[in-house]
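One structure below.
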Amino acid sequence: MDRLQILTESFKTKYESFLAGCDSLELDDKWNKAEYGEMDVFYENELLSVALSLIAADGRIGDGEVRFLNESFGFACTEETLRGVFDTLGDEIDGYFDAHFKAGYAMLKGVNGKLAAAYKELFGLLCEIISASDGVIGDEEKEKLALLVLE
């Protein structure tokens, strides 16, 4: 098993545990479901927007990146499909990320510190996987990673 596969397996395991934690908070009424929707879906969208934003940052879509998205988020897309998504929705993906990501993390931190720490770990794994997936970390990708620091 190569390094990326090990990281991907770790991400998937921790992601499943994170989603279970989201479900638990919803059952305890610690999440405003009426305002934000299902907690697991909310944070899945957050992580997915980070992944897509990082993939698009260097202008390259690698096989490893597509494989990671498919394995981790249950997709069945190809490089061509993903290119089409970026061509059509690239600005919206970046806009969503820029406007919502840090606020979503701060909100989670206020709801449950332990789950926020797990999310931060997932986020770190995601960044590491995407950055290493195509073997090239371009300047735009480095700039995007610099903006993604969670405090």
Side-chain angles (χ1 to χ4, degrees), residues 2-22 25 31-32 35-113 115-151:
D2 69 4
R3 179 176 172 267
L4 284 175
Q5 190 61 37
I6 292 168
L7 289 171
T8 299
E9 289 300 318
S10 178
F11 178 88
K12 288 181 350 187
T13 300
K14 291 174 188 216
Y15 183 56
E16 289 172 13
S17 178
F18 175 79
L19 294 178
C22 289
L25 285 179
W31 176 256
N32 188 340
E35 185 173 348
Y36 301 112
E38 298 282 337
M39 187 177 191
D40 57 348
V41 173
F42 180 90
Y43 284 101
E44 180 177 41
N45 287 336
E46 295 285 303
L47 285 168
L48 189 55
S49 74
V50 169
L52 293 173
S53 192
L54 284 174
I55 290 170
D58 65 3
R60 302 170 69 133
I61 300 171
D63 182 52
E65 293 165 328
V66 173
R67 187 172 49 249
F68 169 73
L69 286 176
N70 288 342
E71 289 179 20
S72 299
F73 293 96
F75 294 159
C77 65
T78 64
E79 290 179 41
E80 294 76 30
T81 304
L82 202 49
R83 259 188 222 96
V85 168
F86 290 134
D87 289 345
T88 306
L89 300 173
D91 291 338
E92 287 84 355
I93 290 167
D94 275 342
Y96 177 86
F97 170 77
D98 294 340
H100 298 280
F101 181 71
K102 288 196 178 187
Y105 173 70
M107 187 168 48
L108 180 58
K109 197 172 176 182
V111 171
N112 185 290
L115 198 58
Y119 181 70
K120 188 173 183 178
E121 185 178 3
L122 274 175
F123 173 75
L125 277 169
L126 176 90
C127 289
E128 187 175 357
I129 291 165
I130 297 297
S131 295
S133 286
D134 63 7
V136 175
I137 301 175
D139 290 339
E140 287 183 40
E141 194 170 20
K142 288 178 189 174
E143 289 173 20
K144 182 64 85 175
L145 285 168
L147 295 174
L148 297 177
V149 176
L150 293 175
E151 307 196 18

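Everything numeric in this text was worked out from a predicted model, so none of it was measured.
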Taking atom [atom1] of [X] and atom [atom2] of [Y], what is their separation to the nearest 0.5 Å?
| X | Y | atom1 | atom2 | answer |
| --- | --- | --- | --- | --- |
| Glu65 | Cys77 | CD | SG | 11.0 Å |
| Glu121 | Phe11 | CD | CZ | 11.0 Å |
| Arg83 | Thr88 | CZ | OG1 | 13.0 Å |
| Ile55 | Glu79 | CD1 | CD | 10.5 Å |

Sub-4.5 Å side-chain heavy-atom contact between [X] and [Y]:
| X | Y | value |
| --- | --- | --- |
| Tyr43 | Leu122 | no |
| Leu108 | Met39 | yes |
| Glu44 | Phe18 | no |
| Lys109 | Lys120 | no |
| Val50 | Ile130 | no |

Sole candidate of Val66, Asn70, Thr81 that passes side-chain contact (heavy atoms from CB on, under 4.5 Å) when paired with Phe75: Asn70

Where [X] and [Y] come nearest, the two heavy atoms and their spacing:
| X | Y | answer |
| --- | --- | --- |
| Leu125 | Ser10 | CD1-OG, 3.7 Å |
| Leu4 | Ile129 | CD2-O, 3.9 Å |
| Tyr36 | Phe42 | O-CD1, 3.9 Å |

Aromatic plane relationship, Phe73 with Phe68 - under 30° parallel, 30 to 60° tilted, over 60° perpendicular: perpendicular

Ring geometry between Tyr105 and Tyr119 (parallel below 30°, tilted from 30 to 60°, perpendicular above 60°): parallel

Thr13 side chain vs Glu9 backbone, donor-acceptor pair below 3.5 Å: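 Here the side-chain-to-backbone pair exists.
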
Side-chain donor or acceptor of Ser49 paired with backbone N/O of Glu46 under 3.5 Å: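 Checked: pair present.
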
Glu16/Lys12 salt bridge by N-O under 4.0 Å criterion: no

